[in-house]
K.L.:
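Okay, here's the structure, questions in a sec.
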Amino acid sequence: MAKIQLIVGSVMGTAASVAKTLSEKLQAAGHTTRVNDAFRKGDLSEDDEILLICTSNTGAGDLPVNIVPLYLHLRNDFPNVSTRRYGIVNLGDSSYPTFAQAGNHMDEAFQDLGANRIGDMLVIDALSGEDPNSVAETWLADWIQLL
């Protein structure tokens, strides 16, 4: 079974709620998880840990304040994440022209450093009317199969 760190970027709490739901489902499937909503540079020290980024978008597609330290660490310090695997759950609102930019920025930062994304990024649109936790649970069932 895998060790998975869920790194959260959330303003209003929806991304945090989704991360908690995913963590519970992963644990029920036998995986070890930890939810991190206050990233620090040392949080990438376990090379065998899979990263699952769960972020909302804020403003004009900006990253939530609590996930900015991870993004800056990737862009400024160039940590060796080339052996790391990761996934992204990206929550946004398609009424904005910068829909889903925060998750795209995170994905590009990991890709630029050679990390390997597991499966497709999940993009959840607030305008869909669907429950974000339910959408994420459905996606997770397929994502787990790729671990």
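Residues: numbered from 1 along the sequence shown. Side chains included, hydrogens not; waters and symmetry mates left out as well; all remaining heavy atoms used.
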K.L.:
Counting only heavy atoms not in Asn116 (residues, nucleotides, ligands), do more than 12 fall under 6.0 Å from its CG?
P.N.:
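Buried by this count: over 12 neighbours within 6.0 Å.
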
K.L.:
More than 12 foreign heavy atoms under 6.0 Å from CZ of Arg75: is that the case here?
P.N.:
yes

K.L.:
Going by heavy atoms in the side chains, are Asp107 and Arg117 under 4.5 Å from each other?
P.N.:
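In short, these two side chains touch, coming nearer than 4.5 Å.
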
K.L.:
Testing the basics here: between Tyr86 and Trp143, what is the closest heavy-atom pair and its distance to 0.1 Å?
P.N.:
C-CZ2, 4.4 Å

K.L.:
Before accepting this row, confirm whether a basic side-chain N of the pair Lys25/Glu137 lies closer than 4.0 Å to the acidic partner's carboxylate O.
P.N.:
yes

K.L.:
Going only through I, L, V, M, F, W and Y residues with side-chain contacts under 4.5 Å, is there a path from Met1 to Leu140?
P.N.:
no

K.L.:
Mark yes or no for whether Asn66, through its side chain, and Val8, through its backbone, hold a donor-acceptor pair below 3.5 Å.
P.N.:
yes

K.L.:
So, the side chain of Asn57 versus the backbone of Leu91: is there a donor-acceptor pair under 3.5 Å, distance only?
P.N.:
yes

K.L.:
Examine distances only and state if a side-chain atom of Ser134 and a backbone atom of Glu130 form a donor-acceptor pair shorter than 3.5 Å.
P.N.:
no

K.L.:
Kindly say whether Ser95 contributes a backbone atom to a donor-acceptor pair with the side chain of Asp93 at under 3.5 angstrom?
P.N.:
yes

K.L.:
Between Asn90 and Ala100, is there a donor-acceptor pair closer than 3.5 Å when you use the side chain of the first and the backbone of the second?
P.N.:
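Side chain of Asn90 to backbone of Ala100, a donor-acceptor pair under 3.5 Å: yes, one is there.
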
K.L.:
Under 4.5 Å between side-chain heavy atoms, chaining through other members, with only Ile, Leu, Val, Met, Phe, Trp and Tyr counted: pull out the rest of the cluster around Leu127, sorted by chain and number.
P.N.:
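When side chains under 4.5 Å apart are linked, Leu127 ends up in no cluster with other residues.
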
K.L.:
Taking ring-ring contact (aromatic ring centres under 6.0 Å, His included) as the definition, give me every residue that meets it alongside Phe99, ordered by chain and number, with sequence neighbours left out.
P.N.:
none

